[in-house]
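What follows is a short report on a single structure.
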Amino acid sequence: MRRILIVGAGQAGLQLALSLQSAGYDVTVMSARTPEEIRAGRIMSTQCMFWPQLQLERDHGLNLWEHEAPDIVAQRVTVAAPPGTAAFQTLGRWDQYAQSIDQRVKMAGWLELFEERGGNAVYHSVMTSDLEGLSALYDLTIIAAGKGELVELFDRDVSRSPYDRPQRHLSCIYLHGMTPWPGHPEPHVRITATPGVGELFFMPGYTLTGPCDILLWEAVPGGPFDCWSDRPDPAGHLDRTLDLLRQYVPWEHERVVGAEPTDARSTLYGGYAPVVRHPVGRLSASASVLGMADVVVANDPVTGQGSNNAARCAEVYLREILGHGDRPFDDAWMQRTFDAYWDYARHPTAYTNMMLGPLPDHVQKVLATAAQNETVAHRFAHGYANPADFENWLMDPERAEAYLASVTTG
Ligand SMILES: Cc1cc2nc3c(=O)[nH]c(=O)nc-3n(C[C@H](O)[C@H](O)[C@H](O)COP(=O)(O)OP(=O)(O)OC[C@H]3O[C@@H](n4cnc5c(N)ncnc54)[C@H](O)[C@@H]3O)c2cc1C
């Protein structure tokens, strides 16, 4: 039986561990935290996942909270100009639903499931210096440790990493008691983009204490949303959020007035430079490890793709591991396996990096058209679930123009 070590118990590492376990592999997961520590810890993400990735979880029997979590059925995008004034708004209804399950709930639950099914979970924060000895005990070692220190094993791929510093400073809070959007009570994602200032996201989620609303500020560094360096506690976050809403997003203010933080660890602050890394980490002349998901492709959350990418990465790696049978997992196989994932990940990466810069004129035109045209709004919203489609129109000014002409004439 092939022995696989996975370092890191997030979306990518645990989905892969549980699906390999079901296929009869001998899997060890090393996690920096126990399930209890994860549940008692801070929120980690807004983790909105779209239906193709939710389907992967269903296929592996991992959709444990699907019936409790709200079904997110649409995406409303408002472009604000000047700040505090809504210029136009699009509403794209999705053909299937998205969901956001607090990673504290999901990762703690998946770790327990892995152990209940006989998996070996070791609770230990792995250091680079541990890896050479550890990897000798396994047929394959995969690093799925997110954006932590182990990324240093993997060189930055300069040609695929246009940014060398964070393009947004992030600040997130989970809330109970928000009031629904007037005239549209169904759970939906709402995005307000204020050019040059940043974005504000609202999305329904499911946390430790039940259904909630998740609010994320994506602040352009140095701008007025970038006011979180003192990392206020949840009550302080909410006060400041209300002030910002009053000034910059007044149409959301009233929805939040009566809300409360879900718990004492319901806030998150930070930011990171988007990066693509080379996938093979060399430990010695004869030992290498394979990076996965955020370790090798870390996008800014502005387009909500990272957990989705992690789920896709887990699926591609599963397929490549199973398909490789008993042959050695050498560097060439590792590179091919990552390349198969990059075939998918290059699309959300290109789209996300574009959305971090000044909103291109043709994208502004697409959004303005989508505000009047349901077909365009529908296609734009569905690109979040299938970013490869953006290459056929949105990523290129001429193709976007041709598409708009084809749906708005005749
Ligand atoms: C504010 C914010 C909002 C986001 N919103 C969305 C969204 O709406 N939709 C979306 O798809 N994505 C979103 N993302 C991105 C998404 O959360 C990540 O891309 C995704 O969680 C990556 O999964 P992963 O398994 O690669 O890594 P992680 O989820 O980071 O998991 C890595 C795990 O490894 C563990 N670990 C780290 N170092 C070690 C070590 N040395 N030894 C042992 N264990 C270790 C960590 O504790 C963690 O459990 C968001 C991210 C942020 C920060």
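Treat the numbers as computed from the prediction; the structure is a model and nothing was measured. One-based numbering, in listed order, for ligands and for the atoms of each.
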Got a list of side-chain donor-acceptor pairs under 3.5 Å for residues 366-375, not counting sequence neighbours?
unit_1 : atom_1 : unit_2 : atom_2 : d
Thr369 : OG1    : Lys365 : O      : 2.7
Asn373 : OD1    : Thr375 : N      : 2.9
Asn373 : OD1    : Val376 : N      : 3.1

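- Looking only at atom types and distance, the side chain of Asp59 has a donor-acceptor partner in the side chain of Gln55 under 3.5 Å away.
- By the salt bridge (charged side-chain N to carboxylate O under 4.0 Å, His left out) test, Asp226 pairs with no residue at all, sequence neighbours left out.
- The cationic group of Arg312 lies under 6.0 Å from the six-membered ring centre of Tyr344 and within 45° of the ring axis, placing it in a cation-pi geometry.
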Please report, to 0.1 Å, the donor-acceptor pairs under 3.5 Å made by any side chain of residues 291-300, with sequence neighbours excluded.
unit_1 : atom_1 : unit_2 : atom_2 : d
Asp294 : OD2    : Lys147 : NZ     : 2.6
Asn299 : ND2    : Thr349 : OG1    : 3.3
Asp300 : OD1    : Val302 : N      : 2.8

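- For ligand 1, the protein residues placed under 4.0 Å by at least one non-hydrogen atom are Val7, Gly8, Ala9, Gly10, Gln11, Ala12, Met30, Ser31, Ala32, Met44, Ser45, Thr46, Gln47, Cys48, Gln103, His124, Ser125, Val126, Ala144, Ala145, Gly146, Leu150, Leu216, Leu268, Ala293, Asp294, Pro301, Gly304, Gln305, Gly306, Ser307, Asn308, Ala310.
- At least one donor-acceptor pair under 3.5 Å links the side chain of Ser100 to the backbone N or O of Thr46.
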